[in-house]
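For reference, the structure discussed in these notes is given below.
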Amino acid sequence: MSYFLQQLINGLALGAIYGLIAIGYTMVYGIIGMINFAHGEIYMIGAFVSLITFLVLGLVGISYIPLALTIVLISAVGFTSFYGWTVERIAYRPLRGSFRLAPLISAIGMSIFLQNYVQLLQGARVKTLPPVIQGGFQLMETNGFVVQVSYLQLMIVGVTVALMAGFTVMIAATPLGRAQRACEQDMTMAALLGINVDRTISTTFVIGAALAAVAGMMVTMYYGVIDFFIGFLAGMKAFTAAVLGGIGSLPGAMLGGLLIGLIEAFWSGYFSSAYKDVAVFGILILVLILRPSGLLGRPEIEKV
Amino acid sequence: MNAAPLLDVDALTMRFGGLLAVDTLSFTAFKHDITAIIGPNGAGKTTVFNCLTGFYRPSAGRLGLHRDDRIMALERMDGWRIARDGGVARTFQNIRLFPGMTVLENLMVAQHKTLMRASGWTLGGLFGIGPYRGAEKAGIEKARLWLERIGLLTSADLDAGTLPYGAQRRLEIARAMCTDPLLLCLDEPAAGLNPRESAELNQLLLAIRERDKIGILLIEHDMKVVMGISDRIVVLDYGRKIAEGTPAEIRANPAVIKAYLGEPEA
């Protein structure tokens with residue numbers, strides 16, 4: 001029981017991170033109907049910017065943790081959003097109105113480019129960060145097995161819940177969210193109502209990148225090791241999460257992220273951590289076969 | 001009638017390869033007038049609308065919109081700017097509502113410009129601070145007024161796609177009106193309506209002209225609607241203007257009769 005509980009806690013923290021990344025996939029798919037395969041790399045850049053900012057803060061001697069976290073957050077979100085915006089501007093916008101596969105190919109190219117770019121600038125070696133937030137508390141203890149919740153796990157889940165709540169409000173009740181939903185249904189008509197469609201799409205990319213940056217920052221603190229290649233696997237898993245939840249659906253992305261995190265944690269805990277990725281991608285295949293529209297997605301309806 | 005011009009169409013020409021869809025068309029639409037554009041199928045009416053709303057860049061000619069004592073060159077503006085800054089709204093022959101959004105939301109999206117500004121580009125809206133609350137309340141109130149005018153108040157929370165056809169047509173007009181337009185372009189608003197609905201549409205359009213004091217451009221085949229409410233009529237045939245005048249003048253014009261009914265045999 002206590003072992004189960006511990007895996008549940010680990011899975012929730014992991015799932016929260018996947019959920020944050022998955023939102024970027026699902027939002028972009030919702031509005032322009034493409035899979036942004038460079039999104040995992042955006043997340044990786046978020047992790048690198050966080051790491052670098054942490055190290056710089058260590059050098060200048062800012063050790064008050066709330067202040068350090070705030071500065072890292074602002075820096076990661078700022079730089080990463082800029083990358084997200086730029087990728088859309090130079091790799092996708094010129095291809096809008098081109099055939100469907102064109103932006104997809106461009107996205108894969110962008111993904112490879114960003115990986116190599118970070119590898120060149122930062123080196124291929126694994127980077128480490130000493131733990132920033134340590135400690136936690138014991139939830140319970142049975143038969144000598146201690147169930148622990150670290151403060152960092154609490155922070156991850158708390159931040160994710162807060163961001164997702166804010167995000168849901170934004171989509172449902174702000175003019176930007178309405179404009180995004182309008183563009184999703186009929187871009188031409190949205191423009192005829194005075195909505196700047198290009199800017200709405202750019203904003204979507206920026207928001208997705210900002211959420212990925214937060215995920216990158218939390219992963220850097222959680223695992224303490226990153227390299228230029230982490231975006232690929234995390235991106236693929238978040239993409240799986242988005243498909244599992246129903247691509248294009250926001251609650252779906254959150255639910256999918258959570259489920260993927262839990263599956264991974266339980267699989268590692270009860271079977272073999274060597275095969276956890278096999279389990280996750282096995283899920284992707286099963287979903288595509290059995291329920292292609294995902295758990296919360298609507299079946300694709302041809303636009304008239 | 002009111003003599004202040006609203007839209008000057010000056011030698012508008014639209015060429016698609018070898019096809020001249022609109023050929024040096026010139027006319028003026030006046031403020032607070034309903035100007036109808038009629039003509040046989042393929043005469044180029046919808047093409048004129050597409051040039052006006054930024055779908056097409058005209059091959060030649062000018063589209064001058066009089067707004068606040070200056071003239072905006074619509075032929076050089078992007079579609080969303082024409083809508084936002086120019087104040088030109090339009091509806092479509094085949095209805096283009098946002099079917100997955102509610103009736104109320106369709107009207108709220110149309111007020112994007114005002115609400116976006118009031119929300120401080122989203123942040124204010126997110127935390128419910130600043131002038132956004134008041135602006136949103138005003139927006140909902142405005143939407144409610146329009147729903148009342150088109151008789152859809154009780155359907156506000158339904159998905160727009162589930163409304164009956166005639167109601168969708170009226171909602172599309174209300175949505176266009178929620179953008180606060182100066183010029184409303186209606187592409188066959190009476191198409192597919194039964195006689196009762198079409199009479200209601202006449203009432204709605206006349207009320208818009210009286211109460212909202214804007215200009216309307218109307219493409220329509222239903223002559224009861226055209227003759228019943230238009231102040232001026234422009235007749236196109238093969239992209240060219242063949243007649244212009246009041247409904248009575250148009251009815252008696254031999255060129256128009258020829259275009260519609262063909263030449264009487266000698």
Side-chain angles (χ1 to χ4, degrees), chain A residues 27 30-31 33 77 81 93 96-97 162-207 210-211 246 248-250 296-304, chain B residues 49-50 52-55 78-92 94-102 104-128 132-133 135-136 139 160-161 172 175-176 178-181 185:
Chain A
M27 266 203 316
I31 200 162
V77 166
S81 302
R93 192 184 295 183
R96 206 167 296 148
L163 281 178
M164 289 191 176
F167 189 73
T168 309
V169 171
M170 189 207 80
I171 292 292
T174 68
L176 174 66
R178 255 181 236 126
Q180 284 175 318
R181 282 179 290 141
C183 289
E184 195 175 326
Q185 297 195 18
D186 188 341
M187 269 186 212
T188 319
M189 193 61 232
L192 285 173
L193 295 174
I195 292 170
N196 185 343
V197 173
D198 278 338
R199 187 183 294 163
T200 307
I201 292 172
S202 285
T203 314
T204 306
F205 274 83
V206 165
I207 294 170
L211 294 178
S249 150
L250 292 170
L296 301 182
R298 284 166 297 185
E300 186 97 348
I301 300 165
E302 276 298 311
K303 276 185 190 165
V304 185
Chain B
F49 269 25
N50 284 342
L52 261 176
T53 47
F55 267 48
D78 283 337
W80 68 274
R81 280 191 188 281
I82 291 176
R84 193 189 71 172
D85 305 331
V88 177
R90 104 173 253 195
T91 67
F92 285 84
N94 47 339
I95 300 170
R96 285 179 87 159
L97 290 166
F98 301 115
M101 295 169 88
T102 67
L104 178 68
E105 278 190 319
N106 266 277
L107 299 184
M108 295 298 280
V109 171
Q111 303 176 53
H112 182 75
K113 173 184 167 186
T114 329
L115 291 175
M116 195 68 175
R117 202 162 288 170
S119 78
W121 282 268
T122 302
L123 283 180
L126 195 51
F127 299 109
Y132 180 64
R133 267 188 195 190
E136 177 157 275
E172 207 187 13
R175 183 181 63 180
C178 277
T179 63
D180 282 327
C185 303

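To find a chain, count down the sequence lines: A is the first, B the second, and so on, and within it residues start at 1. Remember, it's a predicted structure, so these values are computed and weren't measured experimentally.
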Checklist outcome for this item: Smallest heavy-atom separation, A179(A) atom then H112(B) atom, equals CB-CE1, 3.4 Å

Checklist entry - Which heavy atom in A191(A) sits nearest to a heavy atom in A83(B), and how many Å separate them? => result O-CB, 3.7 Å

Please round to the nearest 0.5 Å and tell me the distance separating atom [atom1] of [X] and atom [atom2] of [Y].
| X | Y | atom1 | atom2 | answer |
| --- | --- | --- | --- | --- |
| R178(A) | N106(B) | CZ | CG | 11.0 Å |
| N196(A) | R84(B) | CG | CZ | 7.0 Å |
| F55(B) | L192(A) | CZ | CG | 4.5 Å |

Checklist entry - Looking at G79(B), A89(B), G100(B), G54(B), which makes the most heavy-atom pairs under 4.5 Å with chain A? => result G100(B)

Checklist entry - In terms of heavy-atom pairs under 4.5 Å with chain A, which of E136(B), M101(B), K113(B) leads? => result M101(B)

Checklist entry - Does the side-chain contact (heavy atoms from CB on, under 4.5 Å) test come out yes or no for F98(B) and R181(A), once each step is laid out? => result CA-CA 9 Å; F98(B) 301 115; R181(A) 282 179 290 141; over 6 Å; no

Item to check | Residue list, salt bridge (charged side-chain N to carboxylate O under 4.0 Å, His left out) with R96(B), at least two apart or on another chain | outcome: D186(A)

Heavy-atom proximity to chain A below 4.5 Å, by part of [X]:
| X | answer |
| --- | --- |
| T179(B) | side chain |
| P99(B) | both |
| Q111(B) | neither |

Item to check | Test log, rule side-chain contact (heavy atoms from CB on, under 4.5 Å), inputs R175(B) and L193(A) | outcome: CA-CA 9 Å; R175(B) 183 181 63 180; L193(A) 295 174; 3.8 Å; yes

Checklist outcome for this item: If one checks every heavy atom of A172(A) against chain B at 4.5 Å, the contacting part turns out to be backbone

